[in-house]
Every structure is written in structure tokens, then in C-alpha cells.
Amino acid sequence: QVQLVESGGGSVQAGGSLRLSCAASGRTFSSYAMGWFRQAPGKEREFVAAISRSGGSKYYVDSVKFRFTISRDNAKNTVYLQMNSLKPEDTGVYYCAANQYYSYSTRGYDYWGQGTQVTVSS
């Protein structure tokens with residue numbers, strides 16, 4: 001198993017930046033593809049970004065392309081989500097997730113963190 005703990009959320013104004021971190025413990029971090037999802041109030045949890053086990057492949061939902069960057073440091077057992085040019089519609093609870101293979105679906109991940117709140121004001 002792997003345990004995931006997110007950090008780095010907060011409140012920013014539109015146009016600002018935040019960097020989320022997800023620290024993993026347990027089995028070998030590099031064995032897992034990692035994903036970031038978000039959930040706005042009253043909405044379903046949605047895919048934001050994913051990264052392969054080596055970090056060589058990255059995937060983004062269209063709405064965050066060229067604004068968000070996912071990365072990982074396997075030596076530190078951590079995955080990051082750098083969020084720039086934030087918009088009010090980026091508001092939500094952000095979750096990291098882990099599984100052997102990346103997926104765009106919440107059903108594709110076996111392990112989840114508790115989430116970190118991101119609030120973007122206009």
C-alpha cells in the first residue's frame with residue numbers, strides 16, 4: 001500500500017500561483033503512476049493531470065494545459081502540481097492519487113490522499 005498526503009493549498013487571487021505537493025510513503029513510489037484530481041462544491045471529482053512512473057509522460061485536461069505542470073521527484077517520493085494563472089473555476093479540493101498505471105478516471109486509482117483546498121477569488 002501507499003499513503004498520500006497533499007499540501008500547498010490555499011487562497012489566491014485570480015492570476016496567482018500555487019504549488020501543490022503530494023508526499024507518498026509505503027511501497028516504492030516509483031512503482032506508481034500519479035494523478036491529480038479536483039472536486040468543486042456540488043460537482044463530481046474530475047481529472048486534472050497525471051504523470052507516468054518515470055515522469056517521462058504527462059497528461060492534462062484541456063482546461064489546465066499551459067497553466068499547470070505536473071512533475072515528480074522519485075528520490076523524494078513526491079509529486080507536484082505547479083498551478084499558474086489561476087482562475088476562479090480552478091477552485092476546489094485537490095486530491096492526488098496513485099496506481100500502477102495512469103488513468104483519466106477516478107476508478108483507475110486505488111490510493112488517494114485526503115485533499116487540499118484551493119480557492120481562487122476574482
Side-chain angles (χ1 to χ4, degrees):
Q1 285 196 351
V2 62
Q3 292 78 43
L4 304 173
V5 179
E6 302 95 336
S7 62
S11 297
V12 296
Q13 290 191 331
S17 298
L18 284 172
R19 187 194 197 199
L20 306 183
S21 299
C22 173
S25 60
R27 294 184 61 184
T28 305
F29 178 66
S30 59
S31 299
Y32 295 94
M34 300 297 296
W36 283 99
F37 288 74
R38 65 188 178 190
Q39 188 166 18
K43 295 188 177 181
E44 293 187 354
R45 195 171 298 188
E46 66 171 356
F47 172 80
V48 175
I51 189 167
S52 62
R53 286 172 284 182
S54 68
S57 297
K58 303 176 183 181
Y59 312 89
Y60 300 93
V61 68
D62 285 347
S63 61
V64 308
K65 282 181 180 177
F66 312 116
R67 298 190 298 123
F68 290 11
T69 302
I70 189 171
S71 62
R72 67 189 296 161
D73 186 336
N74 286 344
K76 295 183 177 179
N77 288 3
T78 302
V79 62
Y80 305 97
L81 186 68
Q82 178 66 45
M83 306 187 296
N84 299 328
S85 302
L86 282 161
K87 303 176 180 180
E89 51 263 44
D90 294 318
T91 294
V93 178
Y94 282 69
Y95 300 88
C96 68
N99 205 48
Q100 186 176 8
Y101 300 104
Y102 85 92
S103 173
Y104 298 113
S105 170
T106 56
R107 294 187 295 273
Y109 293 87
D110 290 334
Y111 305 104
W112 292 85
Q114 296 292 330
T116 186
Q117 176 70 45
V118 171
T119 303
V120 185
S121 58
S122 57

**Message:** Under the criterion side chain to side chain contact (heavy atoms under 4.5 Å, CB included), I'd like the reasoning laid out for Trp36 against Phe68: C-alpha separation, chi angles, the key distance, then a yes or no.
**Reply:** CA-CA 11 Å; Trp36 283 99; Phe68 290 11; over 6 Å; no
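A distance of 11.5 Å separates OG1 of Thr106 from OH of Tyr95, quoted to the nearest 0.5 Å. One distance of note links CH2 of Trp112 with SG of Cys96; it measures 9.0 Å at 0.5 Å rounding. Thr78 OG1 to Asp73 CG: the interatomic distance, rounded to the nearest 0.5 Å, is 6.5 Å.
For residues 28-84, no residue pair satisfies the disulfide bond (SG atoms under 2.5 Å apart) rule, not counting sequence neighbours. Legend: salt bridge (Lys or Arg N to Asp or Glu O under 4.0 Å) pairs involving residues 41-57, not counting sequence neighbours, sorted by first then second residue: Arg38-Glu46.
The minimum heavy-atom distance linking Ser30 with Asn74 is given by the pair CB-ND2, 3.6 Å. When all heavy atoms of Thr91 and Val120 are compared, the closest pair comes out as OG1-N, 2.9 Å. Between Leu81 and Ala49 the shortest heavy-atom distance is CD1-CB, 4.2 Å. The minimum heavy-atom distance linking Phe37 with Ser103 is given by the pair CZ-O, 4.2 Å.
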Below 3.5 Å, can you tabulate the donor-acceptor pairs from side chains in residues 13-23 to any protein atom, sequence neighbours excluded?
from  : atom 1 : to    : atom 2 : distance (Å)
Ser17 : OG     : Asn84 : OD1    : 3.0

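Listed by chain and number, the residues in a side-chain contact (heavy atoms from CB on, under 4.5 Å) with Ser85 are Arg67 (sequence neighbours excluded). The side-chain contact (heavy atoms from CB on, under 4.5 Å) search around Ser11 returns Thr119, not counting sequence neighbours. Considering only residues two or more places apart in sequence or on other chains, Tyr104 meets the ring-ring contact (aromatic ring centres under 6.0 Å, His included) condition with Phe47, Tyr102. Scanning for ring-ring contact (aromatic ring centres under 6.0 Å, His included) contacts around Tyr94 gives an empty result, with sequence neighbours left out. Under the side chain to side chain donor-acceptor pair (under 3.5 Å) criterion, Ser121 pairs with no residue at all, not counting sequence neighbours. For Ala98, the side-chain contact (heavy atoms from CB on, under 4.5 Å) criterion is met by Val2, Leu4, Tyr32, Met34, Tyr111, not counting sequence neighbours. Here Ser122 pairs with Pro88 under the side-chain contact (heavy atoms from CB on, under 4.5 Å) rule; sequence neighbours left out. Qualifying side chain to side chain donor-acceptor pair (under 3.5 Å) partners for Lys87, counting only residues two or more places apart in sequence or in other chains: none. Remark: Tyr60 engages no residue in a ring-ring contact (aromatic ring centres under 6.0 Å, His included) (not counting sequence neighbours).
In this structure, the side chain of Asn77 does not engage the main chain of Phe29 through any donor-acceptor pair within 3.5 Å. No side-chain donor-acceptor contact under 3.5 Å links Lys58 to the backbone of Thr69. Not one N or O on the side chain of Gln39 forms a donor-acceptor pair closer than 3.5 Å with the backbone of Gly92.
No continuous path of ILVMFWY side-chain contacts below 4.5 Å connects Val93 to Tyr80, so the two sit in separate hydrophobic clusters.
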